[in-house]
Amino acid sequence: MSTDSLQNPTMDDIISLCKRRGFIFQSSEIYGGINGFYDYGPLGVELRKNIKDAWWKDMVHGREDIVGQDASIIMHPNIWRASGHVDSFSDPMVDCKESKMRYRADHLLWSAVRVDGEIIGYVSTLEGNDQQADAEKKAETLKRKAAKQGELGPIELKEYLEATPDIYELIPSPATGKPGSLTPPREFNMMFQTFVGALKDDSSVAYLRPETAQGIFANFKNILDTARVKIPFGIAQIGKAFRNEITPKNFIFRSREFEQMEIEYFIEADEDAWENYYHEWIKTRMAWHKAIGLKDDRLSTHVHPKDKLAHYSRACTDIMFEFPFGVQELEGIAARGNYDLTQHQEHSGKSMEYFDDQKREKYIPHVIEPSLGVDRTLLAVLCSAYTVEEVEDETRNVLKFAPRIAPIKAAILPLMKNKPEIVEMSKRIYKNLSLRHNVFYDQAGAIGRRYRRMDEAGTPYCITIDFDSLEDGTATLRDRDSMEQIRIPEGELAAYIDEKIYG
RNA sequence: GCGGGUGUAGUUCAGUGGUAGAACUCCAGCCUUCCAAGCUGGCUACGUCGGUUCGAUUCCGUCCACCCGCACCA
């Protein structure tokens, strides 16, 4: 039987399949949907759970140096002041009414233009390498147009936020070069707000967490005191996070409610210690992505240039995946120094220091943070698994999931549904296997059709019971990818599937 | 937020100012010893609200959602 892989799937292919087979639905669909939210159906929830379980098993259970936790979604609002999210997540934006361009207010720079000390107008530019040169050039032009003689004063660029309201309308739009079209800075807060308690006032404002990481830092001391951990060690967490994105897009890739799998890995505070851990984590995480079935040739890394890093950050590498809509970030691995713990020590007034028995000294540990999106990973898994093959002039849709993360591990299919003995044996096998795996029983339709149904659900094994089974106690086990069949005694089915799933 | 496009069955698409049709899927039955077979029957749709009209799925507007650009993405 010859098989050929056809071209890569488009997002439409993926979305349509997700809907058709019950992986992912638009949230609140019967009410017209809600932008940026998605629901997981019967197959989706299994796939998602398996991905999370694989991560937890490999990163927590499979390692002696990492423990888990699960912090609440709503936490003390001061956590988000300490982390910087209250300030940095509310980016003030400026719109140009003329050109319809939108700018971050801290990226839009301006300066008064003085000739012999007298203000003759304003210039604006965008943050960038040549911002000063650009502004000075514009100032020259302005001076020439105004036909002014005299000495041009120095151009001192300031952020738009530093302008007073009466100056907003004098600053020219970078797009049009003319003043009068820029709006005042407007807040776009990315954190969802709610109120804790019955009273709706400023003192009861709380936030849905925009990341899970801070819940780990906030519990650092508790875990240090109870879990008998020693540097280096990590705390892992899987949980929902919420961001009120301006523009959610690309299906579940950027949604407003999503789930993260994060580790804060605490290490010595020496300035030269972090680099080894950092590179080790990049390797570990990259290997994990390949192990759950992401296509090797679609994975890559992106190293953040030093000048783009936050001031506290030592280094950051993203693991990228080639989605149908482009190469995008899957996971970020950041060396964050001890910024977060230090911030919480300052804001909470509680010590975040660790006493190192070996070194006989106290320090605030540094941290490496591998942070991964569950939904993005799931989408990458779907993109990697989706295969269209040509089989004897028919096309076959197959999701080639690694057996470990496949939603359904095996389907039990009686070859005929109107032969009681075959049905009885099939149900017995189904019941047995269902004790340890998510298996599926299907007796409707021709056998070929049932195989194809399972192919599109990504089920790695189909077990078929026929007349021979009644005679010799074996069943046919059909492999999803090769479509080849072998006969296995009923009693060995469970062990065979175990072996394939867990290695 | 802006510009453009789209919205009819589970999916992919036809079509109409007099309330709709296909293919595949799905369900039931018959048949069938292994890769979407056949036969019979069946379920299921005009995104929302409003306007025009005797009558709107169709024309117009609104909202919602999706897609493509732009901008944004700690």
Side-chain angles (χ1 to χ4, degrees), chain A residues 1 3 10-13 15-22 25-38 41 80 83-108 126 174-175 183 186 188-191 210-211 213 243-251 253-254 256 308-310 313 324-325 328-329 332 334 389 391-398 413-419 422 444-456 462-470 475-480 482-485 487:
Chain A
M1 206 168 279
T3 59
T10 64
M11 272 316 282
D12 283 346
D13 294 333
I15 293 170
S16 166
L17 175 87
C18 284
K19 179 81 194 293
R20 197 166 67 242
R21 289 294 164 182
F25 309 119
Q26 168 87 63
S27 169
S28 317
E29 199 183 67
I30 61 170
Y31 288 99
I34 178 166
N35 188 319
F37 297 91
Y38 291 90
W80 307 112
S83 69
H85 284 85
V86 169
D87 292 332
S88 70
F89 246 54
S90 57
D91 291 331
M93 309 287 286
V94 184
D95 288 310
C96 169
K97 288 178 280 192
E98 191 78 19
S99 66
K100 308 296 184 194
M101 298 287 273
R102 170 173 289 170
Y103 307 99
R104 270 178 57 168
D106 58 337
H107 286 178
L108 180 55
L126 295 174
T183 65
R186 293 185 290 190
F188 284 78
N189 198 317
M190 301 255 287
M191 279 199 290
E211 63 172 35
R243 292 181 196 182
N244 205 354
E245 298 282 356
I246 298 169
T247 317
K249 64 185 292 194
N250 291 331
F251 199 37
F253 181 80
R254 188 193 298 167
R256 291 185 163 129
K308 296 280 182 194
L309 294 172
S313 187
F325 46 83
Q328 298 282 341
E329 178 189 348
E389 291 177 346
V391 181
E392 295 177 350
D393 298 330
E394 301 262 356
T395 61
R396 180 174 88 116
N397 289 348
V398 201
L413 316 171
L415 193 60
M416 318 260 265
K417 67 176 168 182
N418 53 4
K419 299 288 180 285
I422 289 184
I447 190 68
R449 177 185 299 276
R450 281 180 275 163
Y451 284 150
R452 296 302 165 82
R453 270 202 285 253
M454 284 297 110
D455 286 342
E456 216 179 25
C462 286
I463 296 164
T464 304
I465 291 83
D466 58 14
F467 285 116
D468 291 346
S469 305
L470 299 175
T476 304
L477 188 133
R478 178 255 196 189
D479 180 88
R480 175 195 64 203
S482 67
M483 298 194 286
E484 278 166 9
Q485 307 185 348
R487 291 201 78 94

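Note on naming: letters A, B, ... go to the chains in the order of the sequence lines (proteins, then strands), and numbering restarts at 1 for each one. As a basis for the values below, the full set of heavy atoms in this structure was taken, side chains included, without hydrogen atoms, waters or symmetry mates.
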## Note on the structure
Heavy-atom contacts, protein to nucleotides 38-47 of chain B, under 4.0 Å, summarised as B (base), S (sugar-phosphate only) or - (none) per nt, yield ----------
Watson-Crick or G-U wobble partner of [N], both distances under 3.5 Å:
N: B:C30; answer: B:G38
N: B:U48; answer: none
N: B:C70; answer: B:G1
N: B:A65; answer: B:U6
N: B:C43; answer: none
N: B:U53; answer: none
N: B:U58; answer: none
N: B:G21; answer: B:C13

Which nucleotide sits closest to the side chain of [X]: [options]?
X: A:Ala446; options: B:A37, B:G29, B:C35; result: B:A37
X: A:Tyr451; options: B:A36, B:G1, B:C34; result: B:C34
X: A:Ile246; options: B:U33, B:C31, B:C72; result: B:C72
X: A:Lys417; options: B:C35, B:G29, B:A65; result: B:G29
X: A:Arg452; options: B:C35, B:C67, B:U32; result: B:C35

OP1 or OP2 of [N] versus the side-chain N and O atoms of [X]: is any pair under 4.0 Å?
X: A:Asn35; N: B:C66; value: yes
X: A:Lys419; N: B:U33; value: no
X: A:Arg453; N: B:C26; value: yes

Determine the Euclidean distance between corresponding [atom1] atoms of [M] and [N]; express it in Å to zero decimal places.
N: B:C46; M: B:U6; atom1: C1'; value: 14 Å
N: B:C64; M: B:U48; atom1: P; value: 15 Å
N: B:C26; M: B:G61; atom1: P; value: 41 Å
N: B:G69; M: B:U53; atom1: P; value: 42 Å
N: B:G15; M: B:C54; atom1: C1'; value: 24 Å
N: B:A37; M: B:C30; atom1: C1'; value: 14 Å
N: B:G55; M: B:U25; atom1: C1'; value: 35 Å
N: B:G7; M: B:C72; atom1: P; value: 31 Å

### Task
Name the residue closer to the 5' end of RNA chain B, choosing between A:Asn250 and A:Asp466 according to the nucleotide with the nearest heavy atom.
A:Asp466
## Note on the structure
Between A:Tyr38 and A:Arg487, the residue closer to the 5' end of RNA chain B by nearest nucleotide is A:Arg487
Nearest 0.5 Å, what's the [atom1]-[atom2] distance between [X] and [Y]?
X: A:Asn35; Y: A:Thr247; atom1: CG; atom2: OG1; answer: 8.5 Å
X: A:Leu470; Y: A:Ile422; atom1: CG; atom2: CD1; answer: 5.5 Å
X: A:Trp80; Y: A:Met191; atom1: CH2; atom2: CE; answer: 7.5 Å
X: A:Glu456; Y: A:Arg21; atom1: CD; atom2: CZ; answer: 4.0 Å
X: A:Arg256; Y: A:Ile34; atom1: CZ; atom2: CD1; answer: 8.0 Å
X: A:Leu415; Y: A:Arg450; atom1: CG; atom2: CZ; answer: 7.0 Å

Round to the nearest Å and state the distance from [X] atom [atom1] to [N] atom [atom2].
X: A:Glu456; N: B:C35; atom1: CD; atom2: C1'; value: 14 Å
X: A:Ile447; N: B:A36; atom1: CD1; atom2: P; value: 11 Å
X: A:Phe325; N: B:C68; atom1: CZ; atom2: C1'; value: 14 Å
X: A:Met190; N: B:G1; atom1: CE; atom2: C1'; value: 14 Å
X: A:Leu413; N: B:A36; atom1: CG; atom2: P; value: 14 Å
X: A:Glu389; N: B:C35; atom1: CD; atom2: P; value: 16 Å
X: A:Leu415; N: B:C35; atom1: CG; atom2: C1'; value: 11 Å
X: A:Met416; N: B:C30; atom1: CE; atom2: C1'; value: 13 Å

### Message
Would you say A:Ser469 and A:Arg487 are linked by a side-chain donor-acceptor pair, where the criterion is simply a distance under 3.5 Å?
### Response
yes
Does any N or O donor sit under 3.5 Å from an N or O acceptor when you compare the side chain of [X] with the base of [N]?
X: A:Thr395; N: B:A36; answer: no
X: A:Arg478; N: B:C35; answer: yes
X: A:Thr476; N: B:C34; answer: yes
X: A:Tyr31; N: B:C64; answer: no

#### Entry: Worked check of ring-ring contact (aromatic ring centres under 6.0 Å, His included) between A:Phe251 and A:Phe325
CA-CA 10 Å; A:Phe251 199 37; A:Phe325 46 83; 9.5 Å; no
### Query
If we only count heavy atoms from C-beta on, is the A:Glu389 to A:Thr395 side-chain gap below 4.5 Å?
no
### Any side-chain heavy-atom pair of A:Ile465 and A:Ile463 under 4.5 Å
yes
### Message
At 4.0 Å (heavy atoms only), tell me whether A:Phe251 reaches a base, stays on the sugar-phosphate, or touches nothing.
### Response
sugar-phosphate
### Task
Return yes if some donor-acceptor pair links the side-chain N/O of A:Asn250 with the main-chain N/O of A:Phe253 below 3.5 Å, else return no.
no
With 3.5 Å as the limit, what N/O pairs link the protein to nucleotides 8-12 of chain B?
unit_1, atom_1, unit_2, atom_2, d
B:G10, O3', A:Lys19, NZ, 3.4
B:U11, OP1, A:Lys19, NZ, 2.9
B:U11, O3', A:Ser16, OG, 3.2

### Query
Does the pair A:Lys19/A:Glu29 count as a salt bridge with the N-to-O cut at 4.0 Å?
yes
### Query
Does the side chain to side chain contact (heavy atoms under 4.5 Å, CB included) test come out yes or no for A:Met190 and A:His85, once each step is laid out?
CA-CA 9 Å; A:Met190 301 255 287; A:His85 284 85; over 6 Å; no
